[in-house]
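Quick notes on the structure that follows.
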Amino acid sequence: MADVRLVHVTKVFRSGKRAVVAVDDLTLDIKDKEFFVLLGPSGCGKTTTLRLIAGLEVPTKGEIYIGGELVNDIPPKDRDVAMVFQSYALYPHMKVFDNIAFPLKLRKMPKREIERRVKEVAKMLHIEHLLDRKPAELSGGERQRVALARAIVRRPKVFLMDEPLSNLDAKLRVMARAYLKRLQRELEVTTIYVTHDQVEAMTMADRIAVMNIGRLQQVGTPNELYNKPANLFVAGFIGSPPMNFVEGVLREIEGKLFFDAKYFKIPLPSDIEEILRGQAPSEEVILGVRPEDMRISLEKVPEGIRGRIYVLEPLGTRTIVNVELGPELIVKVEGPREVDLRIGQEIWLTLDYNRIHFFDKKTEKAIL
Ligand SMILES: Nc1ncnc2c1ncn2[C@@H]1O[C@H](COP(=O)(O)OP(=O)(O)OP(=O)(O)O)[C@@H](O)[C@H]1O
Ligand SMILES: [Mg+2]
């Protein structure tokens with residue numbers, strides 16, 4: 001039983017005159033038994049956050065609580081957390097058995113109990129037949145399971161996992177994701193999982209915290225982040241292919257509100273008009289539309305946006321159509337299944353107005 005709480009945690013690394021703010025005023029509330037993912041681009045402070053929770057770094061400011069207890073002054077070995085690193089960090093000279101047994105030996109557990117526990121987790125992770133081998137004699141996927149076994153053998157209060165699947169090939173990674181998610185459900189141990197891969201985050205997490213340059217951008221369930229991104233960064237980071245962005249201005253013409261981009265102008269439905277008026281945004285906005293929230297028509301439609309097919313990207317089950325709306329303005333649209341399209345063809349796009357987003361260009365915050 002352990003929730004994990006970070007309260008206004010900041011970590012500044014100083015070397016000489018330079019100071020890097022790796023984590024900037026981060027407040028997070030991770031629930032007991034939750035599979036919580038920290039997601040963000042390289043250098044955004046994910047590993048540093050995990051190391052702070054593990055006690056491998058000391059916060060510059062703020063408090064960290066595990067299971068309600070303030071752990072700022074508790075050394076790593078007494079925090080009862082287990083960390084799985086990206087590199088697995090197995091001991092190369094030790095057999096698999098001894099690698100898994102290591103944390104138990106450190107705690108001076110009786111030999112028979114160690115043997116029982118190692119065998120139990122080895123069975124759970126399907127690595128019983130590997131116990132006599134050394135890490136060099138294992139595949140990447142097997143090594144990853146050994147590293148997991150070593151983390152779970154002790155049944156810690158919290159698992160901290162730093163991109164544990166990143167060394168696996170694409171196919172194995174997809175399998176390992178589901179496996180790890182299931183394992184976490186069975187063990188019911190609070191897990192904080194770091195990745196820069198938004199698909200991994202979306203598929204595995206109960207909740208995701210998106211970070212950028214040390215700062216928290218948004219916390220929510222995968223669906224909340226996908227459907228209601230709080231800002232331009234989250235909107236562009238989650239989803240593949242990403243959300244399309246088009247800059248423009250909101251313009252009132254004869255009492256009606258229009259979104260006026262350089263190459264097209266569309267009237268906005270009255271409910272959207274009302275929300276945008278209420279929010280009183282600056283005039284300059286960014287329209288955000290996901291590829292699946294636009295429709296392609298071969299015939300001219302009222303309020304359709306005229307474009308030309310730039311290129312087609314078939315993905316097997318669906319095709320991503322790149323549509324040129326003007327010079328240097330190309331949007332990606334999920335294509336219709338039943339229609340054959342060709343490069344250069346003239347088409348009309350319509351938007352699903354229930355699913356479009358607007359962002360304030362200055363603050364980059366969502367206004368719709
Ligand atoms: N020991 C350190 N000394 C100085 N700067 C550091 C140290 N550790 C990390 N940093 C800096 O802090 C920032 C955050 O690093 P961190 O390793 O937490 O990023 P990350 O999100 O894990 O990135 P990645 O996805 O590449 O692993 C980076 O700018 C990094 O250069
Ligand atoms: Mg990292």
Side-chain angles (χ1 to χ4, degrees), residues 4-28 30 35-64 66 71-72 75-76 79 81-90 140 143-144 147-148 150-151 158-170 173 176-177 180 191-205 207-220 222 225 229-240 242:
V4 177
R5 224 147 53 83
L6 277 68
V7 184
H8 298 298
V9 171
T10 294
K11 176 67 188 178
V12 184
F13 289 109
R14 283 177 211 287
S15 56
K17 274 190 203 150
R18 270 191 331 123
V20 179
V21 185
V23 176
D24 192 356
D25 195 25
L26 181 62
T27 294
L28 287 176
I30 298 152
F35 198 125
F36 192 88
V37 173
L38 287 177
L39 172 68
S42 183
C44 75
K46 304 181 296 293
T47 297
T48 305
T49 304
L50 276 199
R51 290 175 57 84
L52 285 162
I53 298 167
L56 303 171
E57 303 285 355
V58 178
T60 311
K61 263 192 244 157
E63 293 94 50
I64 299 171
I66 299 176
V71 295
N72 282 42
R79 290 194 187 189
V81 302
M83 190 148 164
V84 181
F85 298 89
Q86 179 177 346
S87 59
Y88 313 148
L90 297 174
R143 262 178 237 170
Q144 184 247 335
L148 279 177
R150 187 177 55 185
V158 180
F159 289 138
L160 303 174
M161 302 196 180
D162 196 357
E163 314 224 10
L165 307 185
S166 59
N167 285 339
L168 305 182
D169 67 49
R173 195 158 62 219
R177 260 188 227 152
L180 199 55
T191 300
I192 306 173
Y193 184 102
V194 157
T195 182
H196 63 271
D197 179 344
Q198 58 95 17
V199 178
E200 203 164 284
M202 292 288 283
T203 52
M204 296 178 88
R207 284 191 307 152
I208 303 173
V210 181
M211 291 176 72
N212 189 31
I213 353 177
R215 292 204 196 110
L216 181 65
Q217 304 292 308
Q218 190 175 1
V219 187
L225 299 193
N231 59 37
L232 207 57
F233 181 82
V234 176
F237 200 74
I238 289 186
S240 167

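First listed ligand is number 1; within each ligand, the first listed atom is number 1.
- For L56, the CG atom sits in a packed shell: over 12 heavy atoms of surrounding residues, nucleotides or ligands are nearer than 6.0 Å.
- Annotation: T48 places an N or O atom under 3.5 Å from an N or O atom of ligand 1; distance criterion only.
- Considering only non-hydrogen protein atoms, atom 12 (O) of ligand 1 sits nearest to A22 CB, 3.3 Å.
- Under a 4.0 Å criterion applied to the non-hydrogen atoms of C44, ligand 1 contributes the atoms 19 (O), 21 (O).
- Contact annotation: for K46 versus ligand 1, heavy atoms closer than 4.0 Å belong to both the backbone and the side chain.
- Minimum heavy-atom separation, E200 to T195: OE2-OG1, 3.3 Å.
- Screening T10, V12, N72 for a side chain to side chain contact (heavy atoms under 4.5 Å, CB included) with P59, the sole residue that qualifies is N72.
- Closest approach of A22 and F13 over heavy atoms only: CB-CE1, 3.5 Å.
- Remark: ligand 1 atoms within the under-4.0 Å shell around heavy atoms of E163 are 25 (O).
- For ligand 1 and V20, the ligand atoms under 4.0 Å from any heavy atom of the residue are 11 (C), 12 (O), 29 (O).
- Counting heavy atoms closer than 4.0 Å to ligand 1, residue M211 contributes nothing at all.
- Of the candidates A19, S166, G214, G43, the one placing a heavy atom closest to atom 13 (C) of ligand 1 is G43.
- The distance criterion of under 3.5 Å between nitrogen or oxygen atoms is met by G45 with respect to ligand 1.
- The distance from the Mg ion (ligand 2) to the nearest N/O/S atom of T48 is not under 2.8 Å.
- L28 is not listed as a side-chain neighbour of R5, based on a closest heavy-atom distance of 4.5 Å or more.
- Atom 6 (C) of ligand 1 has F13 CD1, 3.3 Å as its closest protein atom, hydrogens excluded (heavy atom only).
- For T47, heavy-atom contacts with ligand 1 shorter than 4.0 Å involve the backbone as well as the side chain.
- When every heavy atom of L180 is checked against every heavy atom of M161, the shortest pair comes out as CD2-SD, 4.1 Å.
- Counting non-hydrogen atoms of neighbouring residues, nucleotides and ligands closer than 6.0 angstrom, the CZ atom of R215 reaches no more than 12 such neighbours.
- Q218 and N231 share no donor-acceptor pair across their side chains, judged by distance under 3.5 Å alone.
- With contacts defined as side-chain heavy-atom distances shorter than 4.5 Å, the pair T49/M211 qualifies.
- Note that atom 31 (O) of ligand 1 has no protein non-hydrogen atoms nearby, at separations under 4.0 angstrom.
- Contact annotation for atom 4 (C) of ligand 1: protein present (non-hydrogen atoms, distance under 4.0 Å).
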